[in-house]
Amino acid sequence: MSAGRLLSLLLLLQSRGRVTARAVAEELGVSVRTAYRDVARLQDAGVPVYAEPGRGGGYRLLDGYRTRLTGLSEGEARALLFAGLPGPAADLGLAAEVTAARLKLLAALPAGPREEAERTAAVFHLDAPGWYREPEPAPHLPLLVDAVLTGRAVDVRYRRWREPREVRRRLCPYGLVLKSGTWYLVAAAEQRTATYRVAQVLDAVVSDERFDRPADFDLGAYWASYLDDFETRRYTGTATVRLSPRGLRRLPDNVPPYVARAAEAAAGAPGDDGWVETVIPVESVPHACGELLRLGADVEVVAPPELRAALAATVAALARTYGVR
């Protein structure tokens, strides 16, 4: 029996209010039978846990019962400090609050864990944006944070890629996601949930309308599903290509991971010349032409003929530009 698991159960009851045995089992990674035994052990230890029978019931602590838990392990202290990574906190308008919380946390720790936590914080730094790109300004992000946390709808003027380019929407914001240095808002609008790039929000005003986020909405699950759907919608065609050994090595550095994984999965055995034939997903002929040109002479397009012709025309134009006969 793990004392740490009993402590986790106590904190779970304290933070959730009411929780079922099945939820305890899923949260702590144990069987439902073990969850029942753990609750009984808490009761034997004098913790006022009682069961509420019937549908919607579960276990809960006696009203007003709180436990004071001041001990943190060194690993837990390190983990809490990572929650205060400065870049995203500043974007969200929470830099001062995170700094204050970090100082209070450090002050509350004994000398050993405090020194270890400070050493850990000193050797990690988050730089969220990808290479070769500047971070996007998102001046309306703090306002959207407030709308997410208070459950209020927000009226926005938004710039999108298709016509009409500028639209007005009333959004019920469910959450925010930071992806490679770019902030995205997940919100409900017009009977559907959609994703909005925060940097493309031109104006935003928080309204007086209140809304309830669906109880079963999971931001992480939604985002994973959105990414899968995005890749499927983005790549609508395929191309058959041949890659030299050098081209095969360089491919992951010059195309998105989705394309590189597909190329690896579809690759045949190397020929006598060492070249490999494979199939890659493509977004469009012009886009694929631009990506494959990065590989120079280490790639040959076999099909479709229009992509092969586009590459040939581009190479011929380059030859004329540089005076190659």
Side-chain angles (χ1 to χ4, degrees), residues 80-105 121-122 124-214 217-231 233-234 256-257 283 287:
L80 282 176
L81 285 173
F82 279 118
L85 291 169
D91 288 347
L92 294 169
L94 300 174
E97 289 83 353
V98 167
T99 299
R102 179 180 180 276
L103 291 174
K104 290 177 182 178
L105 171 63
F124 287 92
H125 175 72
L126 174 66
D127 184 10
W131 289 104
Y132 314 118
R133 58 181 295 182
E134 294 289 336
E136 285 189 330
H140 300 293
L141 182 59
L143 180 145
L144 295 174
V145 171
D146 180 65
V148 169
L149 294 178
T150 59
R152 288 187 293 171
V154 59
D155 294 313
V156 303
R157 182 166 62 92
Y158 185 74
R159 180 171 54 216
R160 59 184 185 175
W161 62 271
R162 66 179 183 274
E163 296 294 340
R165 293 298 305 279
E166 290 189 12
V167 294
R168 294 186 179 272
R169 295 279 189 272
R170 169 157 288 196
L171 306 178
C172 295
Y174 288 173
L176 288 154
V177 176
L178 178 63
K179 170 72 171 175
S180 301
T182 300
W183 285 98
Y184 295 89
L185 174 70
V186 177
E190 300 177 350
Q191 308 301 314
R192 61 185 291 266
T193 302
T195 303
Y196 301 85
R197 195 165 177 157
V198 174
Q200 300 301 313
V201 175
L202 305 177
D203 294 307
V205 177
V206 176
S207 75
D208 293 329
E209 179 189 343
R210 300 277 179 170
F211 71 92
D212 292 320
R213 192 172 78 163
F217 179 78
D218 184 318
L219 183 60
Y222 168 86
W223 186 254
S225 175
Y226 170 78
L227 292 181
D228 289 342
D229 182 61
F230 175 77
E231 298 291 8
R233 289 184 289 106
R234 179 181 178 186
E283 186 173 340
H287 187 270

* **Between OG1 on residue Thr182 and CD on residue Gln200, distance to nearest 0.5 Å** => 10.0 Å
* Asked: Between Val198 and Leu185, what is the shortest heavy-atom contact and its length?
  -> CG2-N, 3.8 Å
For residues 138-147, run the donor-acceptor check on the side chains, cut-off 3.5 Å, and write out each pair with its distance to 0.1 Å, sequence neighbours left out.
unit_1	atom_1	unit_2	atom_2	d
His140	NE2	Leu202	O	3.0
Asp146	OD2	Arg152	NH2	2.8

* Could you note down all residue pairs passing side-chain hydrogen bond (donor to acceptor under 3.5 Å, both in side chains) where residues 185-195 supplies at least one of them, sequence neighbours left out? => Thr195-Tyr222
* Residues forming a salt bridge (Lys or Arg N to Asp or Glu O under 4.0 Å) with Glu231, sequence neighbours excluded -> none
* With Arg197, which residues qualify under side-chain hydrogen bond (donor to acceptor under 3.5 Å, both in side chains), at least two apart? -> Glu136
* Mind checking what makes ring-ring contact (aromatic ring centres under 6.0 Å, His included) contact with Tyr226, not counting sequence neighbours? -> Trp223
* For the student: nearest non-hydrogen atoms of Arg160 and Arg162, plus distance -> NH1-NH2, 3.3 Å
* Structure fact -> Heavy-atom closest pair (Ala199 atom, Arg159 atom, distance to 0.1 Å) is O-NH2, 4.5 Å
* Are there more than 12 heavy atoms of other residues, nucleotides or ligands under 6.0 Å from atom CG of Asp212? -> no
* Partners meeting side chain to side chain contact (heavy atoms under 4.5 Å, CB included) with Asp203 (sequence neighbours left out) -> Arg157
* Asked: Got Arg169 and Val154 here, is their nearest side-chain heavy-atom distance under 4.5 Å?
  -> no
* For the residue pair Pro173 and Leu171, what are the closest heavy atoms and their distance? -> CD-O, 3.3 Å
